[in-house]
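Throughout, a chain's letter reflects where its sequence line sits, starting with A, and its residues are numbered from 1.
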Amino acid sequence: MNLATESADYIGLANAPILWILAMAVMGVVVVQSLIYMTAVKKNAESAGMSQTEVRSAFRAGGVAAIGPSLSVVLVAIALLPLFGTPPVVVRVGLIGSAATEVASASLAAGTMGANLGDETFTRGVFIVALMAMSLSGAGWMISTLILTPIFKRSSHKLEKVNPALMSIIPGAALLAAFAALTFRELPKSPTHVIAVIVSAVVMSICLLLAKMLKLNWLKEWGLGFSLLIGLVAAYFAHYAGLGLPEA
Amino acid sequence: MSSIITSPSHAAFERTTSRWGSITLFIGFLIATSVPFYLLFVADANIDVGQILKGFLAVFAVYGVFYIVEPLTYFPILGPAGMYQAFMIGNVANKLLPSAIVAQDTIGAKPGTRKGEYAATMAICGAAIIHVASMVIFVGILGTWLVALIPEPITLVAKLYILPAILGGVTVQLIASLKQLKSTLIALGMAALVILVLVRLLPVLAPGDVAIVVFLTILITWFTRSKSVTDKKAGGDGTETVGIN
């Protein structure tokens with residue numbers, strides 16, 4: 001992807017102090033929510049036969065597992081900085097949505113004004129329309145979650161009453177299905193995508209095998225980081241060997 | 001036990017997370033949405049409502065379906081508490097769910113059990129803290145300095161191949177952690193069938209592909225379950241309710 005001309009005239013505006021405050025406030029809200037949830041788990045863990053040690057292990061495992069994915073998201077987010085300015089990138093990529101969704105949305109919205117991301121047609125006006133469209137779209141996900149979650153909750157409680165076994169089957173099956181589908185969706189994209197999936201899967205298998213044989217529990221937590229990193233290195237060589245997507 | 005005010009219970013957990021989860025999500029929504037409005041009012045860029053509407057509709061046409069489909073797909077996995085976290089932070093498939101899977105695998109808790117749900121919640125909190133720290137430090141503070149430092153080819157590879165490089169590993173860990181051979185085979189079979197065949201024949205279904213796979217897998221797993229194993233009330237002998245088979 002190409003980046004904006006250095007001196008796009010809206011960048012100063014996009015880095016306004018008020019926007020920095022809003023961006024930090026958004027990150028603050030995520031932290032507050034997490035603290036409330038952690039307290040709720042700690043207080044009630046006993047009722048699920050979960051010890052405080054297990055509560056802490058789960059927190060640590062989740063954090064460690066998120067390091068690799070977070071750093072790769074950072075890499076992509078940084079590439080967007082010259083285009084959108086820092087606070088908008090923190091808000092858009094840091095909240096609902098991912099770097100990929102946001103770039104696609106911005107490019108769609110810019111298209112309606114006959115402009116392209118990253119060249120001289122991407123003016124102040126286009127920038128604001130694009131950011132507005134991205135934000136409203138993100139809001140769509142949030143609002144529909146606020147409306148739908150209580151409805152889903154009521155119906156799942158009802159289902160649970162009809163047949164308690166249902167709730168012991170659905171989450172596992174849904175999780176397997178979701179990840180099988182997400183993974184298969186990557187395969188037709190290019191040979192490099194196939195290589196990234198396979199290398200990552202093989203590295204994880206090796207990590208889990210070693211973790212089991214040598215009783216290295218930490219390897220279960222770090223496995224995802226290794227798989228991601230080695231998968232990306234393999235993708236790097238495959239991509240520049242000409243097996244990748246033509247640069248979009 | 002030591003707590004005098006309220007005794008530990010799942011109901012208390014659900015009450016707290018539903019109330020505060022939705023309040024924090026709503027506040028996040030307000031602040032995030034105020035960013036472009038602020039720019040709109042101070043920028044004096046000559047934009048009218050029609051242009052904004054047109055821009056939004058172009059995005060809505062592509063992503064609108066997902067506002068409904070994604071919550072529907074992830075609810076059975078995340079439960080009500082996790083929904084408010086996931087749809088605030090985003091990055092569900094590439095960050096939050098992988099973290100939950102790793103944590104459940106690490107402490108040996110199964111999805112669909114309370115312990116599994118609590119483990120997932122703690123894991124998502126851990127992931128959220130790392131997420132915020134990485135955004136604030138590496139994007140917010142060091143970003144403009146790093147952008148000149150990282151070679152373009154590396155950024156490009158990260159952008160194109162993050163998702164496959166995460167999904168391969170996570171899917172393996174998930175399969176290893178759940179140990180449900182039959183559901184695994186059903187899920188892989190349905191995914192191959194829907195993604196590689198059905199969506200090719202009927203491209204209209206593409207936005208709902210994951211949801212279709214999830215729905216079919218649940219359906220088939222449910223109707224082929226061995227009732228003697230799963231339909232016992234409050235799993236007598238085991239300490240945890242194992243999903244299926």
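- Residue contact with chain A, scored on non-hydrogen atoms closer than 4.5 Å, is absent for B:Ala100.
- By number of non-hydrogen pairs under 4.5 angstrom with chain A, the leading residue of B:Ile129, B:Asp209, B:Ile220, B:Ile27 is B:Asp209.
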- Message: Determine whether A:Val93 and B:Val139 satisfy the following criterion, side-chain contact (heavy atoms from CB on, under 4.5 Å), listing intermediate values before the conclusion.
- Response: CA-CA 10 Å; A:Val93 180; B:Val139 180; over 6 Å; no
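- Of the atoms belonging to B:Asp105, heavy atoms from both backbone and side chain fall under 4.5 Å from chain A.
- With hydrogens and angles ignored, the 3.5 Å screen pairs a side-chain donor or acceptor of A:Asn44 with a backbone N or O of B:Ser9.
- With a 4.5 angstrom heavy-atom cutoff, B:Tyr38 touches chain A only via side-chain atoms.
- When heavy atoms are compared at a cutoff of 4.5 Å, A:Ile198 does not approach chain B at all.
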- Go through A:Arg185 and B:Leu167 one step at a time and tell me if the side-chain contact (heavy atoms from CB on, under 4.5 Å) criterion holds. CA-CA 10 Å; A:Arg185 197 148 70 170; B:Leu167 287 174; over 6 Å; no
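- Interface residue A:Met113: only side-chain heavy atoms are found under 4.5 Å from chain B.
- Heavy atoms closer than 4.5 Å to chain A are found nowhere in B:Val194, neither backbone nor side chain.
- Proximity of a side-chain donor or acceptor of A:Tyr236 to a complementary backbone N or O of B:Ile154 within less than 3.5 Å is not detected.
- Looking at A:Leu232, the atoms closer than 4.5 Å to chain B (heavy atoms on both sides) sit in the backbone and in the side chain alike.
- Annotation: maximal heavy-atom pairing with chain A below 4.5 Å, among B:Ile212, B:Thr73, B:Leu163, B:Ile175, occurs at B:Leu163.
- Between the side chains of A:Lys43 and B:Thr16, no donor-acceptor pair is found at a separation under 3.5 Å.
- Ranked by heavy-atom pairs under 4.5 Å with chain A, the list B:Thr217, B:Leu78, B:Thr106 is led by B:Thr106.
- Neither the backbone nor the side chain of A:Trp218 comes within less than 4.5 Å of any heavy atom in chain B.
- Only the side chain of A:Met24 comes within contact range of chain B, judged by heavy atoms closer than 4.5 Å.
- For A:Leu148, the part lying under 4.5 angstrom from a heavy atom of chain B is the side chain only.
- Heavy-atom distances place both the backbone and the side chain of A:Leu182 under 4.5 Å from chain B.
- A:Ser144 contributes a side-chain N or O that, together with a main-chain N or O of B:Tyr67, makes up a donor-acceptor pair within less than 3.5 Å.
- Neither the backbone nor the side chain of A:Thr53 comes within less than 4.5 Å of any heavy atom of chain B.
- The greatest number of non-hydrogen atom pairs below 4.5 Å with chain B, out of A:Ser47, A:Gly231, A:Ser227, is found for A:Ser47.
- Only the side chain of B:Leu196 has a heavy atom closer than 4.5 Å to any heavy atom of chain A.
- Side-chain contact between A:Tyr37 and B:Ile124 is absent, with no heavy-atom pair separated by less than 4.5 Å.
- Distance alone, capped at 3.5 Å, places no donor-acceptor pair between the B:Tyr161 side chain and the A:His239 backbone.
- Heavy atoms closer than 4.5 Å to chain A are found in both the backbone and the side chain of B:Met83.
- Taken to the nearest 0.5 Å, the CD1 atom of A:Ile128 stands 11.0 Å off from the CD atom of B:Gln51.
- Heavy-atom distances place no part of A:Ile230 under 4.5 Å from chain B, backbone and side chain included.
- Contact annotation: the side chain of A:Leu131 approaches that of B:Val35 to within less than 4.5 Å [non-hydrogen atoms, C-beta and beyond].
- Note: B:Ala165 leads B:Ala133, B:Ala103, B:Ala165 in heavy-atom pairs under 4.5 Å with chain A.
- Panel note: side chain A:Gln33, backbone B:Tyr84; a donor-acceptor pair is recorded below 3.5 Å.
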- Go through A:Ser156 and B:Phe75 one step at a time and tell me if the side-chain contact (heavy atoms from CB on, under 4.5 Å) criterion holds. CA-CA 10 Å; A:Ser156 81; B:Phe75 181 83; 3.9 Å; yes
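- When each of B:Ile130, B:Val213, B:Leu188 is checked for heavy-atom pairs under 4.5 Å with chain A, B:Ile130 comes out on top.
- Interface residue A:Leu19: only side-chain heavy atoms are found under 4.5 Å from chain B.
- With a 4.5 Å cut-off on non-hydrogen atoms, A:Phe226 does not touch chain B at all.
- With a 4.5 Å cut-off on non-hydrogen atoms, B:Ala211 does not touch chain A at all.
- Ring geometry for A:Trp141 versus B:Phe66: interplanar angle under 30°, hence parallel rather than tilted (30 to 60°).
- When heavy atoms are compared at a cutoff of 4.5 Å, A:Val41 approaches chain B by way of both its backbone and its side chain.
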- Report the C-alpha separation of B:Phe37 and A:Met132 in whole Å, then their side-chain angles, then the decisive distance to 0.1 Å, and conclude whether the side-chain contact (heavy atoms from CB on, under 4.5 Å) test is met. CA-CA 7 Å; B:Phe37 280 97; A:Met132 192 64 113; 3.8 Å; yes
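- Proximity of B:Thr171 to A:Phe184: side-chain heavy atoms (C-beta onward) are nowhere separated by under 4.5 Å.
- Both the backbone and the side chain of A:Thr183 have a heavy atom closer than 4.5 Å to some heavy atom of chain B.
- Heavy atoms from other residues, nucleotides or ligands lying under 6.0 Å from NZ of A:Lys189 number more than 12.
- Checked against B:Met88 for a side-chain contact (heavy atoms from CB on, under 4.5 Å), the options A:Val29, A:Val26, A:Thr145 give a single hit: A:Val29.
- Looking at B:Ile107, both its backbone and its side chain come within 4.5 Å of chain A, counting heavy atoms on both sides.
- By the neighbour-count criterion of 12 heavy atoms within 6.0 Å, atom CZ of A:Phe152 is densely surrounded, having more than that number from other residues, nucleotides or ligands.
- Each of B:Ala128, B:Ala81, B:Gly28, B:Ser34 has some count of heavy-atom pairs under 4.5 Å with chain A, and the biggest count is that of B:Ala81.
- Annotation: the span from B:Ile52 atom CD1 to A:Leu136 atom CG amounts to 8.0 Å, rounded to 0.5 Å.
- With contacts defined as side-chain heavy-atom distances shorter than 4.5 Å, the pair B:Phe87/A:Thr149 does not qualify.
- Taken from CG in A:Leu224 to CD1 in B:Ile166, the straight-line distance is 6.5 Å, to the nearest 0.5 Å.
- Ranked by heavy-atom pairs shorter than 4.5 Å toward chain B, the options A:Ala133, A:Ala14, A:Ala25, A:Pro150 are led by A:Ala133.
- Looking at B:Leu57, there are no atoms closer than 4.5 Å to chain A (heavy atoms on both sides), in backbone or side chain.
- Between the side chain of B:His131 and the backbone N or O of A:Ser70 there is no donor-acceptor pair closer than 3.5 Å.
- Most heavy-atom pairs under 4.5 Å with chain B: of the set A:Pro88, A:Ser205, A:Gly68, A:Ala110, this distinction falls to A:Ser205.
- Using a 4.5 Å cut-off between heavy atoms, A:Ala16 touches chain B through its side chain atoms alone.
- At distances below 3.5 Å, not a single donor-acceptor pair connects side-chain atoms of B:Gln85 with backbone N or O atoms of A:Ser34.
- Heavy-atom pairs under 4.5 Å with chain B peak, among A:Ser137, A:Ser135, A:Pro87, A:Gly172, at A:Ser137.
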